[in-house]
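Counting from 1, the numbers follow the sequence of the chain as shown. We use all heavy atoms of the structure for the numbers below, so side chains are in, but hydrogens, waters and symmetry mates are not.
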Amino acid sequence: WITERKDVLYSLFYLGSIVVYIRFVTKSPNKPRLLWYSILLFICSLFSKIEAVTLPLSLLLIDYWMRRPFSMKLIIEKIPYFLLSLFFGLAGIYIIYRVGLAVPDFLKTDSVLTFSERLFFGLYAISGYIIKFFVPYSQSAMYPYPVMTGWTALWIRFINPALLVVVVAAVWWSLRKTRAILFGILFFLVNIFFLLQIIAVGNGFFADRYTYIPYFGLAFITAWFAGEVAKKNPGGKRLVHVVMVAFILTFAVMTFSRCKVWKDGLSLWSDVISRYPGRMMEPYANRGIAYTFNHDWSHAVEDFSEALSVGPVSSGIYADRGIVYGFAGQPEMAVGDFTEAVRLDPKNAKALYNRGVTCVNMGEPGKAMSDFRKVLLLEPANVSACSGLSILYFVQKNYDTCRMMAEKGIHIDPYRPELYSVIGNCELETGDIDKAIGEFRHCLRIDNSSLDASLGLVAAFVVKGDRENAFRNMEIARQTAQEKNIALNITDIENSGVTMGDRKREAIGKVLLQKR
């Protein structure tokens, strides 16, 4: 899961900072440079993921465990950590809510939940994380919010909070004998608190990946307890070894099994759906995307339709289903979905662009131009819209505007081959043959499989009277057409999407009728 590299990086630097800090504390005399190394590693962790802001609190807990006396020196040591946490925390909150305005509907915070509901769900998540530390049952890439009815509501609102109170009392009682349990529990809570969604920053209240750092607190308690058993009971050491080996082997097998689930998008989201059918929109939408990449149009449509029925209604999913309908040869259904997507979100440039493409294929260039222009109003740097408009202007024989639109696209992205081919077609029709040849060759340097540019060179050399080069480039075009399974005749060439002006059509027709 490539986007989760940030968890690995943040954990590496987070733990590294703690290790160096412990060396700073235990070194006699203290080495100031070790403190600065710890701060440097902390900065690296903050740049990796915002959750690293909890480190100063973790260090205070380590001070508590190591029985460091509370003093001004201890406070001064932590000032750089807290300042960094404050700065990155505020920056992170700003970015989350600023960028959050543009995320897909199904990734936005569920604003329906009240604070009290989020509080109860947070307490429920704490219990779930503690249980899953010892028994990682029914793992899933995504978990739905529980349905607050019947026994579930009773458990979440009353029984679970009461059990947590008992746990708190037990931890407090443990202080008579050791600080280990309080330290481990607080380390766990400090590092899990901001991920409980009590203060909403997302839509997921529970995720296994949230526990990478917090579980070190529970692991600390487990290790301490194992040590106590090994020291105080005859044969305790052997018992600890047997239990730990069994534990590790069991987890190894479970990890291997989970890797099979994480093989690809289809296996991952099918696993989530099998565990929570009809509970969440996201797994269906994500599996629909996976089916789309596999060109499995029927299953993709089924999943997108199921996602819409589960809800909430999403402009993005209508747009995705519209794309699938387009690929499946159902342009009317595609236009219907794109139109609904735009109705739900008039700023959905993806839906507008794809509706424009579909209208081109349906022979409605006026509607297509309108959609492409709207896309450029929303996203002035949308090169695909520039390309679509330039081709439509070419078909209208408005060569100056066509050239201007293609050049605008090239200014944004100089590596879009079709834009050079469009300009080459313009130059071919307006009579600047040498410039047309240069543009077609530039296109082929970027994409040597461009049939449009290959045939453009054929036409340009025919107009120029260079029979040898015309036939040589026709052989190249013939090979390209064969690789793309396109019959080399005027009708099939135009149906394949190659842009054909009058001169180009006439010149290619001549070459096809002649022998070298």
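Contact annotation: the side chain of Lys397 approaches that of Asp502 to within less than 4.5 Å [non-hydrogen atoms, C-beta and beyond]. Put simply, the side chain of Leu46 does not reach to within 4.5 Å of the side chain of Ile50, judged on heavy atoms. Residues Ile317 and Met281 form a side-chain contact, since some pair of their non-hydrogen atoms from C-beta on lies under 4.5 Å apart. Contact check for Phe461 versus Phe471: no side-chain heavy atoms found under the 4.5 Å cut-off. Taking 4.5 Å as the limit, every side-chain heavy atom of Phe338 sits out of range of all side-chain heavy atoms of Met333. Counting only heavy atoms from C-beta outward, the side chains of Ser450 and Glu418 never approach each other to under 4.5 Å.
By the side chain to side chain donor-acceptor pair (under 3.5 Å) test, Thr250 is found to be paired with no residue, residues two or more places apart in sequence or in another chain being considered. Considering only residues two or more places apart in sequence or on other chains, His411 meets the ring-ring contact (aromatic ring centres under 6.0 Å, His included) condition with none of them.
Checked by atom type and distance alone, the side chain of Ser17 never pairs as donor or acceptor with a backbone atom of Tyr14 at under 3.5 Å. Checked by atom type and distance alone, the side chain of Ser48 never pairs as donor or acceptor with a backbone atom of Lys6 at under 3.5 Å. Using modelled atom types, one side-chain atom of Thr255 and one backbone atom of Phe251 make a donor-acceptor pair closer than 3.5 Å. In this structure a side-chain-to-backbone donor-acceptor pair under 3.5 Å is present from Asp345 to Lys347. Between the side chain of Thr211 and the main chain of Pro214, no donor-acceptor pair closer than 3.5 Å is present. Not a single donor-acceptor pair under 3.5 Å links the side chain of Ser11 to the backbone N or O of Val8.
For Phe394 and Tyr399, the ring centers are positioned less than 6.0 Å apart. Phe121 has its ring centre no less than 6.0 Å from the ring centre of Phe206.
From Phe440, atom CZ reaches atom OG of Ser454 across 10.0 Å, with rounding to the nearest 0.5 Å. Separation of atoms OG (Ser449) and CD1 (Ile476) is listed at 13.0 Å; rounding is to 0.5 Å.
Contact check on Arg321 versus Asp303 returns no salt bridge, with no Lys/Arg side-chain nitrogen under 4.0 Å from an Asp/Glu carboxylate oxygen. A salt bridge links Lys435 to Glu427: one of the charged nitrogens lies within less than 4.0 Å of a carboxylate oxygen. Using a cutoff of 4.0 Å between basic side-chain nitrogens and carboxylate oxygens, Asp264 and Arg287 are not scored as salt-bridged. Ion pair Asp337/Arg355 not flagged as a salt bridge, since none of the NZ, NE, NH1 or NH2 atoms sits closer than 4.0 Å to an Asp/Glu carboxylate oxygen. Of the charged side-chain nitrogens involved, at least one lies within less than 4.0 Å of a carboxylate oxygen, so that Glu475 and Arg478 count as a salt-bridged pair. Ion pairing between Arg505 and Glu494 holds under the 4.0 Å rule for side-chain N and carboxylate O. Using a cutoff of 4.0 Å between basic side-chain nitrogens and carboxylate oxygens, Arg441 and Glu439 are not scored as salt-bridged. Using a cutoff of 4.0 Å between basic side-chain nitrogens and carboxylate oxygens, Arg275 and Asp271 are scored as salt-bridged.
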Please assess Phe42 against Phe13 for the test ring-ring contact (aromatic ring centres under 6.0 Å, His included), listing each intermediate value before the final yes or no.
CA-CA 6 Å; Phe42 177 42; Phe13 294 125; over 10 Å; no

Go through the steps to decide whether Phe88 and Phe47 satisfy the test ring-ring contact (aromatic ring centres under 6.0 Å, His included), and finish with yes or no.
CA-CA 8 Å; Phe88 276 86; Phe47 273 117; 5.0 Å; yes

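Residues Tyr393 and Asp400 have side chains that never bring a donor and an acceptor to within less than 3.5 angstrom of each other. For the residue pair Asp466 and Asn469, a side-chain donor N or O sits within less than 3.5 Å of a side-chain acceptor on the partner.
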